[in-house]
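Residue numbers start from 1 in every chain, and the chains themselves are labelled A, B, ... in the order their sequence lines are given, proteins ahead of strands.
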Amino acid sequence: MNAIEVHDLQKNFKGFSLNDVSFSVPQGTIMGFVGENGAGKSTTIKCILNLLKKEYGEILIFGKDVFENELSIKNDIGVVFDDLHVPETLNATQLDKIMKKVFKTWDSGYFFERLTQFKVPERKRVKELSRGMRMKLSIALALSHHPKLLILDEPTSGLDPIIRDEILDLFLTFMQDETHSILFSSHITSDLEKIADYITFIHNGKILFSEGKDVLLYEYGIFKGNKEEVSAIPEHAIIRKRNGALGIEALVLKNEVNEVFSLEKPSIEDIMLFYVKGSV
Amino acid sequence: MAGLILKDLMTIQRQIKTQAFVLIFFLFISIFMQQALMLFTIIIFIVTFQAITALTYDEQSSWDKYANTLPISKGDIVLSKYILSILLLIFGLILALPIVFIIHRFTNNWASTEFFLTFNLLVTLAFCMLALLLPIYIKFGSIKGRMVLIAVCFLPGFLFSLINEHLPDMTIALSNLKQYMFLAPFAGLLILWLSSLISTAIYKRKEF
């Protein structure tokens with residue numbers, strides 16, 4: 001079963017549109033959702049959450065239509081944005097009291113455990129917390145009603161590597177339950193390399209690929225050489241080419257290329273750059 | 001719904017504490033001037049305005065973006081602001097009435113019928129003000145909302161000048177209405193309810 005299914009999603013703005021966005025997040029997996037700033041990641045996530053109204057397409061969460069089953073679905077999801085969107089005069093203890101009234105399954109014990117783990121002060125107002133602390137509080141809020149699905153929109157942007165690592169560990173702990181799933185949008189591809197099972201890449205409002213991370217990292221290779229050397233590679237093996245500092249670089253399908261060509265292992269960032277800046 | 005109201009009360013808690021000082025100041029003034037109704041008016045308007053304060057806090061923190069990811073319907077999000085206002089108004093009345101009566105007791109200008117009329121008028125006015133303010137703030141946000149509000153405030157003046165010619169008739173009509181004044185708060189509530197329907201329709205169209 002898929003935790004999230006998006007089919008032919010369309011949404012138009014002045015100067016930007018989502019075009020036939022389709023992908024799915026299989027249950028029990030982490031989907032990394034990557035793309036540069038303004039590529040459409042947040043717009044897609046907002047459409048999934050019904051914060052923006054889609055113009056066309058179908059969005060299913062846990063196999064159910066989001067718009068027809070909005071409230072029951074939202075009981076089982078936790079959402080983290082790139083900032084904590086609660087009035088700044090509130091503190092963590094007050095938020096606990098509020099959430100207890102919002103979710104039937106709210107677990108105060110778990111919430112305060114996470115705050116202690118993250119060293120988030122319980123009685124300091126949100127206004128007085130650092131950005132890292134606000135994000136940790138936001139994640140503790142998203143987890144404490146024991147959701148089945150986490151939807152994360154740039155949760156680690158602007159955080160230092162140590163806090164990011166702590167947060168990623170927490171997501172991996174969440175994934176120990178096999179029925180749990182995560183949709184994780186980020187432009188910090190190294191975070192996704194650490195934890196994602198699948199990568200969906202969006203560019204200019206279109207999905208360029210949605211693949212298993214291992215498929216991307218182990219089936220693709222980068223060849224660097226001059227024009228003649230690159231022309232010796234079979235055309236069907238080349239996915240994208242671009243001019244590099246020392247000649248031409250080509251993203252190729254490893255298995256389709258003769259072993260005499262020495263290939264480098266690509267990172268997700270490399271693959272993104274080939275897709276955005278390279279040509280066929 | 002209870003969670004939303006609790007959230008608003010906690011958010012404006014600090015604000016209410018600050019305004020308590022303003023109230024104490026006016027309490028002394030009204031005792032000194034023997035004008036209990038002034039205190040009464042101030043209390044009613046301070047508490048009802050808290051709903052607007054709560055909306056402004058929501059806007060500053062993009063609360064609606066978060067609230068709409070929670071299992072709360074859009075209708076409840078809007079309705080919670082109306083219920084909050086009514087609760088605060090009731091709270092304000094409970095707070096104000098004993099003080100007002102005590103001031104009246106010790107001053108000589110005791111006219112209970114007049115007081116009852118003014119009381120009704122003030123409560124109705126508070127309801128009508130909320131019925132006007134909340135949809136405007138929900139639609140336009142606090143900054144644009146203020147502008148629209150100023151524009152709307154000019155409208156009664158404009159209408160008044162239009163119907164100025166028929167004014168003598170109007171005064172008679174109004175004095176006839178006096179006996180129905182006890183109905184006014186109910187009419188106010190009805191207007192508030194209609195306003196909540198409009199606000200919900202506006203809110204449902206919004207994107208976050």
Sequence neighbours excluded - ring pair (Phe, Tyr, Trp, His ring centres under 6.0 Å) pairs with any residue from residues 8-31 of chain B: none
Chain A against chain B: donor-acceptor pairs under 3.5 Å:
{"from": "B:Thr11", "atom 1": "O", "to": "A:Thr89", "atom 2": "OG1", "distance (Å)": "3.3"}
{"from": "B:Ser61", "atom 1": "O", "to": "A:His85", "atom 2": "ND1", "distance (Å)": "3.1"}
{"from": "B:Asn68", "atom 1": "O", "to": "A:Lys74", "atom 2": "NZ", "distance (Å)": "2.5"}
{"from": "B:Lys204", "atom 1": "O", "to": "A:Lys53", "atom 2": "NZ", "distance (Å)": "2.9"}
{"from": "B:Glu207", "atom 1": "OE1", "to": "A:Lys11", "atom 2": "NZ", "distance (Å)": "3.4"}
{"from": "B:Glu207", "atom 1": "OE2", "to": "A:Lys11", "atom 2": "NZ", "distance (Å)": "2.7"}
{"from": "B:Glu207", "atom 1": "OE2", "to": "A:Lys53", "atom 2": "N", "distance (Å)": "2.7"}
{"from": "B:Phe208", "atom 1": "N", "to": "A:Leu51", "atom 2": "O", "distance (Å)": "2.9"}

Greatest number of heavy atom pairs closer than 4.5 Å to chain B - which of A:Leu90, A:Leu95, A:Leu49: A:Leu90
Whether over 12 other heavy atoms sit under 6.0 Å from B:Met147 CE: no
Residues from residues 82-93 of chain B approaching chain A under 4.5 Å (heavy atoms): none
Top contributor to chain B interface from A:Val102, A:Leu84, A:Ile151 [non-hydrogen pairs under 4.5 Å]: A:Val102
Over 12 foreign heavy atoms within 6.0 Å of CZ, A:Phe16: yes
Close approach to chain A in residues 187-198 of chain B, criterion heavy atom under 4.5 Å: none
